[in-house]
Amino acid sequence: MNLEGLLLALRILAGLLLLAFISVLFVMMWRDYQAVSREVASRTQKRGRLVVLRADGTPLKPGTSFPLLPLTSMGRAPTNTIVLNDTFASGEHALVTLRGGQWWLEDRHSSNGTVLNGYRIQEPVVLSAGDVISVGQVDLKLELD
């Protein structure tokens with residue numbers, strides 16, 4: 001085999017290796033794109049709701065339903081996901097989050113505390129369907145899909 005033939009074979013091999021490398025990169029990027037798309041879609045899906053049971057001294061009506069998002073904040077401030085116009089609720093009172101496939105309730109160092117099923121919580125706790133969360137004078141029941 002002459003030198004020109006060897007150089008041609010090496011060029012073809014280098015071109016094939018480059019194509020293989022680009023193909024592997026494309027497949028990896030496509031899988032990553034699909035995983036991110038699934039994650040974004042799952043974050044925007046409604047997984048449940050909080051339904052008002054009692055709302056003394058507030059404009060909320062019993063039966064009002066708020067969809068749960070993976071990060072749902074509750075309080076008096078207008079920046080919350082669920083705005084509670086209750087003088088006993090803090091600006092950022094409580095947080096309901098989805099972590100590891102479970103819903104968690106966390107008090108955000110509110111003045112009057114957050115109550116779950118009649119007990120004041122001190123640290124984040126796991127929620128179950130039917131749990132009643134009390135924030136100020138508002139009672140919300142957790143309903144899961």
Indicate yes or no: at least one non-hydrogen side-chain atom of [X] is less than 4.5 angstrom from one of [Y].
{"X": "Arg49", "Y": "Leu68", "value": "no"}
{"X": "Asp131", "Y": "Trp103", "value": "no"}
{"X": "Leu6", "Y": "Asn2", "value": "no"}
{"X": "Val132", "Y": "Leu140", "value": "no"}
{"X": "Val125", "Y": "Trp104", "value": "no"}
{"X": "Met28", "Y": "Phe26", "value": "no"}
{"X": "Val51", "Y": "Glu143", "value": "yes"}

Do [X] and [Y] sit in one hydrophobic cluster, given that two such residues count as connected whenever their side-chain heavy atoms are within less than 4.5 Å of each other, even indirectly?
{"X": "Val135", "Y": "Leu95", "result": "no"}
{"X": "Leu50", "Y": "Leu53", "result": "no"}
{"X": "Ile121", "Y": "Val96", "result": "yes"}
{"X": "Leu116", "Y": "Val126", "result": "no"}
{"X": "Ile133", "Y": "Leu98", "result": "yes"}

Of Leu60, Ile82, Asp139, the residue whose pairing with Val52 passes side chain to side chain contact (heavy atoms under 4.5 Å, CB included): Leu60

Any chance you could lay out the side chain to side chain contact (heavy atoms under 4.5 Å, CB included) test for Thr114 and His93, step after step, and finish with the verdict? CA-CA 8 Å; Thr114 302; His93 197 101; 3.2 Å; yes

Within this structure, what is the CG-CG distance for the pair Leu10 and Leu3, rounded to the nearest 0.5 Å? 9.5 Å

CG/Leu105 to CE/Met74 distance, rounded to the nearest 0.5 angstrom? 5.5 Å

Under 3.5 Å, is there a donor-acceptor pair between the side chain of Thr97 and the main chain of Leu71? no

Taking Gly91's backbone N and O only, do any of them form a donor-acceptor pair with Asn80's side chain (distance below 3.5 Å, no angle check)? yes

Less than 3.5 Å apart, any donor N or O on the side chain of Thr58 or Asn85 sitting next to an acceptor on the other? no

Pair Arg108-Ser110, side-chain donor/acceptor within less than 3.5 Å: no

Heavy-atom closest contact (Leu144 atom, Ala129 atom, distance): CD1-N, 3.9 Å

Within a radius of less than 6.0 Å around CD of Glu4, do more than 12 heavy atoms belonging to other residues, nucleotides or ligands occur? no

Atom CD of residue position Glu92 - does it have more than 12 heavy atoms of other residues, nucleotides or ligands inside 6.0 Å? no

Working for salt bridge (charged side-chain N to carboxylate O under 4.0 Å, His left out), residues Arg54 and Asp56: CA-CA 6 Å; Arg54 178 183 66 95; Asp56 299 340; 2.8 Å; yes

Measure up the Trp30 and Tyr33 rings against each other and bin them: parallel (under 30°), tilted (30 to 60°), perpendicular (over 60°). tilted

Using 4.0 Å as the upper bound for N to carboxylate O, is an ion pair formed by Asp107 and Arg120? no

